[in-house]
Amino acid sequence: MTKKDLINSGKVKSVFTTDNDNEVLIEFRDDMTAGDGARKEVMSKKGTYNAIISSKIFQVLEEGGVKTQLIELIKPNEMIATKLEMIPIEVIIRNIATGSLVRTYPIEDGTPLDPPIVQMDYKNDEFHDPMLNDSIIKALGIATQEEIDTLKELALKVNDILREFFDEAGIILVDFKIEFGKDKDGNIVLGDEISPDSCRLWDKETLDMLDKELFRKGKDDEVMEAYVEVYNRVIPDEEKAKFDL
Ligand code: 5GP
């Protein structure tokens with residue numbers, strides 16, 4: 001598979017064309033950003049850890065019946081994926097109240113949320129990812145009601161599968177953000193990534209953070225240790241042997 005032209009360079013990933021029109025190559029870079037990209041650092045091997053973790057999670061979701069963009073991880077930090085037209089909605093699922101939820105609403109940090117909260121934010125740095133609702137999404141012409149319902153249903157299914165997956169690794173899935181796109185036939189497919197960049201993950205015993213929140217809080221020297229810990233817990237040893245890490 002040949003990596004050809006750069007189509008899109010996001011904050012932490014670059015997307016390239018390949019020799020197949022229906023596929024793209026996604027390169028996970030070592031950049032780490034916070035605050036809509038206001039703070040940016042390079043963390044050695046971060047792209048590789050995220051690509052491997054994200055691919056594993058997408059495989060697990062596929063096995064659970066969720067269609068994802070993943071085709072193959074061809075290098076430790078390069079994924080071949082189905083080309084999607086991305087929907088500019090960040091679907092967020094919250095199992096425990098924390099982060100922007102407790103900053104915005106009168107709810108105590110750490111409160112379990114049952115049923116989980118399904119939130120949708122507009123993926124738009126200029127407007128600082130404002131929260132959406134069904135009416136706003138339709139007014140902006142981003143998605144139809146049927147598509148919105150599908151996004152919510154799929155996000156809750158992802159949550160069910162991943163809560164169990166992380167629980168088996170001694171990790172609590174506190175909350176996460178996912179993005180979807182449409183393939184050439186108009187099917188809604190899970191895209192982007194699911195990694196410690198886009199999830200809040202807490203150690204089940206100690207409640208220590210194992211995700212990007214450490215970087216958001218300025219604990220830059222602890223971030224990679226946390227990502228490696230997630231990698232060590234969720235990637236089986238026989239799969240680790242394939243990567244020179
Ligand atoms: P919060 O709204 O509390 O800041 O974030 C909720 C969850 O969604 C967290 O797991 C956070 O990592 C994720 N999230 C929200 N917005 C973004 C974003 O723009 N990029 C990434 N990578 N994750 C996000």
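Just so you know, ligand 1 is whichever comes first in the structure, and atom 1 is the first atom listed for that ligand. In what follows, residues are counted from 1 in the order of the sequence shown.
Contact check for Lys83 versus Thr18: no side-chain heavy atoms found under the 4.5 Å cut-off. Put simply, the side chain of Val223 does not reach to within 4.5 Å of the side chain of Lys212, judged on heavy atoms. A heavy-atom distance below 4.5 Å is found between the side chains of Arg200 and Thr98.
Residue Lys177 is tested with Asp121, Asp211, Asp192 for a salt bridge (charged side-chain N to carboxylate O under 4.0 Å, His left out); the sole match is Asp192.
With a heavy-atom cut-off of 4.0 Å, Val174 does not touch ligand 1 at all. When heavy-atom distances to ligand 1 are checked against a 4.0 Å cut-off, Glu90 comes that close only through its side chain, counted from C-beta outward. Contacts with ligand 1 closer than 4.0 Å are made by no heavy atom of Met131, backbone or side chain.
Within the structure, ligand 1 lacks Glu213 among the residues with a heavy atom less than 4.0 angstrom away.
Nearest approach of Asp203 to Thr206, heavy atoms of both residues: OD1-N, 2.8 Å. For the residue pair Ala34 and Arg216, the shortest heavy atom distance occurs at CB-CG, 4.2 Å.
Under the 4.0 Å criterion applied to side-chain N and carboxylate O atoms, Asp197 and Lys46 are assigned as salt-bridge partners. Salt-bridge check for Asp19 with Lys4: failed, with every basic side-chain N at 4.0 Å or more from each acidic carboxylate O.
The nearest protein atom to atom 15 (C) of ligand 1, hydrogens excluded, is given as Ile92 CD1, 3.9 Å; this is a heavy-atom distance. Regarding atom 1 (P) of ligand 1, its nearest protein heavy-atom neighbour is Ser100 OG, 3.4 Å.
Using a 4.0 Å cut-off to heavy atoms of Asp129, the atoms of ligand 1 that qualify are 19 (O). Near Ser198, meaning under 4.0 Å from any of its heavy atoms, are these atoms of ligand 1: 10 (O), 12 (O), 13 (C), 22 (N), 23 (N). With ligand atoms numbered from 1 in the order given, ligand 1 contributes 3 (O) to contacts under 4.0 Å with heavy atoms of Gly99. Set against the non-hydrogen atoms of Phe176, the atoms of ligand 1 under 4.0 Å away are 8 (O), 10 (O).
For ligand 1, one of its N or O atoms has an N or O atom of Arg200 under 3.5 Å away. Residue-to-ligand polar distances keep Gln119 apart from ligand 1: every N/O pair is separated by 3.5 Å or more.
Proximity annotation for atom 12 (O) of ligand 1: of Met32, Arg216, Lys177, Arg216 comes nearest, heavy atoms only. Heavy-atom proximity to atom 9 (C) of ligand 1, evaluated over Asp197, Asp192, Asp175, Thr33, is greatest for Asp175.
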**OP:** Check step by step if salt bridge (charged side-chain N to carboxylate O under 4.0 Å, His left out) holds for Lys157 and Asp160.
**Re:** CA-CA 5 Å; Lys157 185 164 181 184; Asp160 285 344; over 6 Å; no

